[in-house]
Number of protein chains: 2
Amino acid sequence: MKDKLPTIKEIARQLNVSISTVSRALHDHPGIGLRTKMRVQQLARQLEYEPNQTAIFFKQRKTFTIGVVLPNLGEEFFSQAINGIEEIATQNKYSVLIGQSKDDVARERQIVTTMKNNRIDGLIVSLSKNTTTYDHFTALKKFNIPVVFFDRVPTSPDFNKVYSNMNSGTREAIEFLIDKGHRRIGVINGPDQMRSSRERTETYKQVLIARRLKIDLRLVTSTDLTKEGTQRAMQHLLSQRPKPTAILVINDYIALDAIQYAKQQKLKINKDICFVSYANLPITHYLETPPMASVEQFPYKQGAKAAEVLMQLMANDNKKEEPGSFLNIVINGQLIVHSRR
Amino acid sequence: MKDKLPTIKEIARQLNVSISTVSRALHDHPGIGLRTKMRVQQLARQLEYEPNQTAIFFKQRKTFTIGVVLPNLGEEFFSQAINGIEEIATQNKYSVLIGQSKDDVARERQIVTTMKNNRIDGLIVSLSKNTTTYDHFTALKKFNIPVVFFDRVPTSPDFNKVYSNMNSGTREAIEFLIDKGHRRIGVINGPDQMRSSRERTETYKQVLIARRLKIDLRLVTSTDLTKEGTQRAMQHLLSQRPKPTAILVINDYIALDAIQYAKQQKLKINKDICFVSYANLPITHYLETPPMASVEQFPYKQGAKAAEVLMQLMANDNKKEEPGSFLNIVINGQLIVHSRR
DNA sequence: CTATTTCACGCAATCGTTTGCATAACGCAC
DNA sequence: GTGCGTTATGCAAACGATTGCGTGAAATAG
C-alpha cells in the first residue's frame, strides 16, 4: 500500500548490492555473476519492479513518444487516420500523444510547443484549415524532431508529406461517368482556397479535353460546405440548360445533402441524375440512393503510412539527412462503384 | 543549427551566474535582483529557451499526462468520446496519451503497463469486450494513479465510473412506441454478457407490466452483432404470431441491418414495422427510412465528464480519499424522435 | 566605526537510471 | 610468495530542473 513504485535503488538496498549491479543484472550484462543476476531478477519480479520511463527518457533524451496534431477527432477521416497511426506506433513500441487544433492556428502552435517541450521523438500533423505559416514546425526541425504531414499538407516542398492524390481518382470518376454516357457533368467543389478544389477542376478540364467533350465552366461550382451552400450550388447546377446528368461532389456528406435536394426537386437518383463523390463512407452501404460511386481516400492507410515514414525518419536521426531531401508520398484515391445502374 | 535545445545551464554559463539563479529568475522568485532577473529573462527569450518537461516531470513525479485506453478509435462513439476527453484535458493543461485495445485483453494490459511506466497521472478506460479481471487496474490504484472508466465499465463497484443509463432512454422509447399504439414490441439485444442487454430486457418488462401489457419473451432476442446474426434475429422475430409491429434494436448500425432485412421481406418501414434504436448517429438524417427514434448516448459528454472526474481525482491526490468511496456518474440517454409518422 | 539585518546569489542534494572506469577478490602459473 | 589476468562488483558522473540552506557583501542601525 505504499505509494511509491519500486526502484532499482530499493532492490539494491534489499540485496545489499550497488545500484549499478542491479541495473546491469536487469539488462543481463555479461559482467555480472550468475548468482547475483538471479537474485536481482527474482526480487525484481517479486516487487513487480518496472523501470521508471520518465527517468530513462530524461537520461536518454528519447521518449519513444510521437505527437499527432490534427484538426478534429470527431471527423471520421481523422479518427480513422489516427487509428492507423496508433497501430503502427504500437508495433514499433511508441506511444502516441494527441492534440486537436480545432482548426485554430493559435491552438495548433500551442500544442506543438507543448509537445516539443515534452520531447516527443517525432510529430505527425494534419494542418488546421487556416495555417499559413510553418515556423512552429521548422523550429522542430532544428532540434532533429522529424515532422511528417498528412492529408492537409503545407504547400512548401520543404516538408515530408503523405497525402492522397485525388487526380487519378477524379480522372477515374469522370471517365466512369463518360463511359456511362454522361456528357454534361457538373462539379460541386469546396471553398476556392482548398487545393483539392483547384486540382479537381483542373483534372475535370483535362479529362473532358482528352475525351473531346465540350467544357462548360458554368457546370463547375462550389459550396461552403453548409447544407444551405450545397443547396444553392445544386440550384445553380440544375438551372443550367441542358441540365447536367451527373454531378461530381467534393465528399460524401455534401453529396448526401445534394441528393436530398435533388429528390426534393423530384429527380430520380441514378436515373435523372447521378452522383459521384469522395470518401466512401461506410454508411453509403445502407443508403437506398447512395452516390453511384465514390473515391476512397484510405484514411487509415494514410495515417499508417505517415507513421511508417516517421519511424524511418526517427531511425535515421543519427545519419545527417541530406538537406533538401523530403519524402513525398502519394496515396492514390480509388474509385469505388456502388451502383452499376 | 545546433541540435540541442537550450538549457538553464547554458543560460547560466553565458551570463556567468549559477543555475539556481537562472531557475529562480525564470520563476520570478523574489530573492533575485531585478537586474539579474531581466538579463536572464531576456537571454531566455533570445535563445527561445523552453523548460525540458521530461526533466521536470522526472523531478516532480508528475507528468501532466493522462492515458486513455479504449477499444477502437474507428468507432464513432469512441472517437467522439476522446474528442471530449482531449478538450477537457487541454483546458487543464494535460496531455493525452492514447491506446487502442482492439478488444484484446492482452493488448489492454500491455498498454496499461506501458502507460504506468510512463508515469501518467491518471487513466481513463473503456474496457475491452473480453476484460473480466481488473488486476491491471487495481495495480494502478496502489500507486495513486486514479482510474475512471466510461461506457464499458467494470461490474465491480470498486471503481470510478461514468456511463450512460439506458434505462430511462429505454423506458422513454418503449413508452413512445406504446403511445403510438404498438402492443407487440420486439427487442434485439447484443450478446448476453453485455450488461446493457440485461438492463434493456429488465426495463422492457417493467414498462410492459406498468402499462399492463402482456409480456411475450419470445419477442426478446439477440444478435452477435454481425449482419448474419441480425438477420437471424429478425427472422426469429418476424416468425412470431402475431408479428411484432415495432422493434427496439441495440444500436443504429444493427438497426440499419435489421431495416434492410425487413425491406427485403417487403415490409414497409414505419408502417408495417417500426424501429427504435440507440446511438443517434448523424447519418440517420440522410436515410430515407431511418429508425423512428433513437436513444442518444452523448459520447462527447461522457468522455468530457470522465475527464472532469479524473481531473478532480488527480487534484485530490494529497487528501487521502476515504476508501470505498467511488464516483458513479450516470448520464441519462435521451430519446430523439426522427420521424413522427 | 562596528554590529546587525537584508539582499542577492551560490552550493549541493535530489529525482531513477545508465555507463565508463576503477578496484577488490580470486585463481593460477611460476 | 610474488606477479598477472580474470571475474564480479562498486564509484561517480551525467541527464535538466528545483529548492532548502548557507554565505558574502551591501545597507542600515546604533
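Side chains are part of it too, since the values below use all heavy atoms of this structure and drop only hydrogens, waters and symmetry mates. Naming: A, B, ... by sequence-line order, numbering from 1 per chain.
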Margin query: I want to know whether B/Tyr134 and B/Phe159 have ring centres closer than 6.0 Å.
Written below: yes
Notebook entry, point to check: Under 3.5 Å, is there an N or O donor on one side and an acceptor on the other linking the side chain of B/Ser20 and the base of C/dC11?
Noted result: yes
Notebook entry, point to check: Should the pair A/Phe149 and A/Phe137 be assigned to parallel (<30°), tilted (30 to 60°) or perpendicular (>60°) ring geometry?
Noted result: perpendicular
Note to self: Looking at D/dC15 and A/Phe58: do their rings stack (centroid distance under 5.5 Å, interplanar angle under 30°)?
What the structure shows: yes
Notebook entry, point to check: Of the nucleotides C/dG10, C/dT17, D/dT9, which one has an atom closest to the side chain of A/Thr36?
Noted result: D/dT9
Check: Do the non-hydrogen side-chain atoms of B/Met314 and B/Asn92 ever get within less than 4.5 Å of each other?
Finding: no
Margin query: Using OP1 and OP2 only, check whether a side-chain N or O of A/Ser18 sits under 4.0 Å from D/dT9.
Written below: no
Checklist line | Residues B/Arg107, A/Glu87: salt bridge by 4.0 Å N-O rule | finding: yes
Next item on the list: Find the distance A/Asn16:CG to D/dG10:P and express it as a whole number of Å.
Entry: 8 Å
Checklist line | Proximity to the side chain of A/Lys59 - top-ranked nucleotide from C/dT17, C/dG10, D/dT18 | finding: C/dT17
Check: D/dG20 base to B/Arg24 side chain: any donor-acceptor pair below 3.5 Å?
Finding: yes
Next item on the list: Using the closest heavy atom to pick a nucleotide of DNA chain C for each, name whichever of B/Arg61 or B/Val17 lands nearer the 5' end.
Entry: B/Val17
